[in-house]
Amino acid sequence: MTDKYAVIGNPVSHSKSPLIHSLFAQQTGQDMSYEAIEAPLDGFAATIERLRAEGYKGCNVTVPFKFEAYQLCTRLGDRARDAKAANTLIFRDGEILGANTDGAGLLADIEKNLGFKLMWKDALLLGAGGAAAGVLWPLFNAGVGIVIANRTIEKAQLLADEFKGSGTVYARRYDELAGKQFDLVINATSSGLKDELPPLPDGIFKPGALAYDMMYGRETPFLRYAREQGATAISDGLGMLVEQAAEAFYLWRNVRPDTKPVLEKLRA
Ligand code: NDP
């Protein structure tokens, strides 16, 4: 029987996850279906209950339900526990197992696809929402020093407080960034959705720096700014999307898909 999976979000119709997972399934010969399901904003838990009752094996979770998904889990992987957010659920033996593959997806894209070594690098992480929370611990564990900048500084400070005493993670307001330079600047804000640029000063890129925008599908003001400011390498977040999907696919199916041809197909 075909195993059923889905991505749950609101809105979700724009999601590329059904295409990515159907390409993975074709490539690895897995008998599975994967669809996008929009849950009402106040109906996430009910949607999960329905999927479990209908025999779905698991799902991905996207904006704005990742924190609620974490609350519903009966067992958690370490990355979901660290982020307090889950983007991948597995329904098994009456339990809801929660994982977070966003961080692994970002790291795989940066190190494997873009060939940028993370250890000992200084990163500026823009934003303090779900996406930033999901990648913070994996970046920290990869040996990266991190400054988190956010409009609402209290949210950045809350995230940085989890690393108190480490000496490598700090929260800063945008107006405190003048004169500072970084090897890696990651835009984990949703500013690109509104065609806006976070209020960054000039000169933040060190020689050889990588500018990474988690958004994909269009050139954001952040990527334009990075080009003008002389960042050496520039990338959108499509590779992260494909790599986090591959991690979820592996958790569900115990098979690792080859991400390269899928990413090439999406870029084409
Ligand atoms: P949230 O809504 O949780 O957080 C949004 C963040 O963006 C907040 O920190 C907010 O700041 C900040 N922000 C919004 N507008 C601006 C602006 N104009 N200037 C400066 N800061 C701004 O969103 P998520 O964290 O879930 O997602 C963020 C982005 O990451 C989205 O674009 C999403 O598509 C992308 N993403 C991509 C993934 C991938 O696989 N490629 C995976 C996950 C997310 P404040 O707190 O001050 O309001």
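For ligands, and for the atoms within them, numbers begin at 1 and follow the listed sequence. Values below: every heavy atom of this structure, side chains too, minus hydrogens, waters and symmetry copies.
Using a 4.0 Å cut-off to heavy atoms of G127, the atoms of ligand 1 that qualify are 9 (O). Close approach of ligand 1 to Y216 is summarised as follows: ligand atoms under 4.0 Å from at least one heavy atom of the residue are 41 (N). Every atom of ligand 1 with a heavy atom of A128 under 4.0 Å away is listed here by number and element: 9 (O). Per-residue contacts place M215 under 4.0 angstrom from the following atoms of ligand 1 (heavy atoms of the residue considered): 32 (O).
Within the model, atoms CG of N100 and OG1 of T88 stand 7.0 Å from one another, a figure rounded to the nearest 0.5 Å.
Scanning the protein for heavy atoms near atom 12 (C) of ligand 1, the closest one is T189 CB, 3.6 Å. Ranking protein heavy atoms by distance to atom 8 (C) of ligand 1, first place goes to N150 OD1, 3.9 Å. Closest protein heavy atom to atom 25 (O) of ligand 1: A131 N, 2.8 Å. Scanning all protein heavy atoms for the shortest distance to atom 5 (C) of ligand 1 gives S190 OG, 3.5 Å. Among protein heavy atoms, the minimum distance from atom 4 (O) of ligand 1 is reached at G129 CA, 3.6 Å. Among protein heavy atoms, the minimum distance from atom 3 (O) of ligand 1 is reached at G130 N, 3.1 Å.
The side-chain heavy atoms of F24 and R253, taken from C-beta on, include no pair separated by under 4.5 Å. With contacts defined as side-chain heavy-atom distances shorter than 4.5 Å, the pair T101/N87 qualifies. The shortest side-chain heavy-atom distance between M240 and D102 falls under the 4.5 Å cut-off. Residues P40 and T47 have side chains in contact (heavy-atom distance under 4.5 Å, counting atoms from C-beta outward).
Checked by atom type and distance alone, the side chain of Q229 never pairs as donor or acceptor with a backbone atom of F205 at under 3.5 Å.
Only the backbone of A188 comes within contact range of ligand 1, with a heavy atom under 4.0 Å; no side-chain atom does. When heavy-atom distances to ligand 1 are checked against a 4.0 Å cut-off, M214 comes that close through both its backbone and its side chain. The side chain of K155, and not its backbone, has at least one atom closer than 4.0 Å to an atom of ligand 1 (non-hydrogen atoms only; side chain from C-beta on). Looking at T152 against ligand 1, both its backbone and its side chain come within 4.0 Å, counting heavy atoms.
The protein reaches atom 41 (N) of ligand 1 closely, with a heavy atom under 4.0 angstrom from it. Closer than 4.0 Å to atom 33 (C) of ligand 1 lies none of the heavy atoms of the protein. Less than 4.0 angstrom separates atom 23 (O) of ligand 1 from none of the non-hydrogen atoms of the protein.
Counting heavy atoms of neighbouring residues, nucleotides and ligands inside a 6.0 Å radius, atom NZ of K4 exceeds 12 of them. The local environment of CZ in R224 is crowded, with over 12 non-hydrogen atoms from other residues, nucleotides or ligands closer than 6.0 Å.
For ligand 1, the polar-atom distance check against L193 finds no nitrogen or oxygen pair separated by under 3.5 Å. Where the criterion is an N or O separation shorter than 3.5 Å, residue side chain and backbone included, E196 meets it with respect to ligand 1. Residue K194 places at least one N or O, backbone or side chain, under 3.5 Å from an N or O of ligand 1.
Using a 4.0 Å cut-off between a side-chain N of Lys or Arg and a carboxylate O of Asp or Glu, K260 and D258 do not qualify as a salt bridge.
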Item to check | Chi angles and distances behind the salt bridge (Lys or Arg N to Asp or Glu O under 4.0 Å) call for R52, E49 | outcome: CA-CA 5 Å; R52 291 174 75 198; E49 270 327 295; 3.1 Å; yes

Item to check | Worked verdict on D213 versus T220 for side-chain hydrogen bond (donor to acceptor under 3.5 Å, both in side chains) | outcome: CA-CA 8 Å; D213 200 324; T220 59; 2.6 Å; yes

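Scanning all heavy atoms of the two residues, the minimum distance from E243 to N113 falls at OE2-ND2, 3.0 Å.
Only one option out of L200, D236, I186 pairs with F222 in a side-chain contact (heavy atoms from CB on, under 4.5 Å); it is L200.
Heavy-atom distances between G192 and ligand 1 stay at or above 4.0 Å for every pair.
Across K66, M240, R151, K16, heavy-atom proximity to atom 19 (N) of ligand 1 is greatest for R151.
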